[in-house]
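Worksheet: one structure, shown below.
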Amino acid sequence: MSERVEQEEIFSQVLRAGRRTYFFDVRSTKADDYYLTVTESKKFTHDDGSFHYQKHKIYLYKEDFSDFKEMLNKATDFIVNEKGSEVISERHQKDYKKEENVETEATSTESFTDVSFDDI
């Protein structure tokens, strides 16, 4: 039962984005070729103040670089062309508070008919 040992990092860059951190690490294969790992690390805080990180990792090999870049560019271009480059989601703001859609009893029961059990 052998465990896969992570290869030594050759080159590394970090992108911090709110609760998420992205790591771009170049590593070496056993055959001394290079590949890229992209890791998303997301911090979760528990009610008691303790926290943990959830990580997701992809491995990208040289034979896939061209197609990957093309697909990434197409997807990001589509998003920017359709929605612009401005972040429109308020949920990404630290002071974001979800608006409660509170209805009064009169408006929430307008579509119901008042039925007495005696009528049934």
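Only a predicted model underlies this, so the values are computations on that prediction, with no experimental measurement involved.
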(message) Return the NE2 to NE2 distance between His46 and His52, rounded to the nearest 0.5 Å.
(response) 5.0 Å
(request) Nearest 0.5 Å please: distance from the OG1 atom of Thr39 over to the NZ atom of Lys55. (result) 7.5 Å
(request) Answer yes or no on whether Arg19 is positioned over the face of Phe44, meaning its NZ or CZ is under 6.0 Å from the six-membered ring centre and within 45° of the axis. (result) yes
(message) Checking side-chain polar atoms at under 3.5 Å, does Asp33 have a donor or acceptor matched by the opposite partner on Thr29?
(response) no
(request) Hey, could you give me the CG/OH distance between Asp25 and Tyr59, rounded to the nearest 0.5 Å? (result) 10.0 Å
(message) Is there a path of hydrophobic side-chain contacts, each under 4.5 Å between heavy atoms, that joins Val38 and Met71?
(response) no
(message) Let's go through Ile10 and Tyr34 carefully: what are the C-alpha distance in whole Å and the side-chain angles of both, what is the deciding distance for side-chain contact (heavy atoms from CB on, under 4.5 Å) to 0.1 Å, and is it a yes or a no?
(response) CA-CA 9 Å; Ile10 308 298; Tyr34 290 165; 3.7 Å; yes
(message) Hydrophobic cluster membership, with links at side-chain heavy-atom distances under 4.5 Å among I/L/V/M/F/W/Y: are Phe78 and Val80 in one?
(response) no
(request) Applying side chain to side chain donor-acceptor pair (under 3.5 Å), name anything that partners Asp47, two or more places apart in sequence or on another chain. (result) none
(message) Once rounded to the nearest 0.5 Å, what's the spacing between atom OH of Tyr53 and atom NZ of Lys43?
(response) 4.5 Å
(message) Donor-acceptor pair, distance only, cut-off 3.5 Å: does the side chain of Asn81 make one with the backbone of Asp77?
(response) yes
(request) Compare every heavy atom of Ser41 with every heavy atom of Phe23, then report the nearest pair and how far apart it is. (result) CE1-CB, 3.9 Å
(request) Hey, could you give me the NE2/OH distance between His56 and Tyr22, rounded to the nearest 0.5 Å? (result) 11.0 Å
(message) Looking at every non-hydrogen atom in both residues, tell me the closest pair between Leu60 and Phe65 and how far apart they are.
(response) O-CE2, 3.5 Å
(message) Working to the nearest 0.5 angstrom, can you tell me the gap between Phe11 CZ and Arg27 CZ?
(response) 13.5 Å
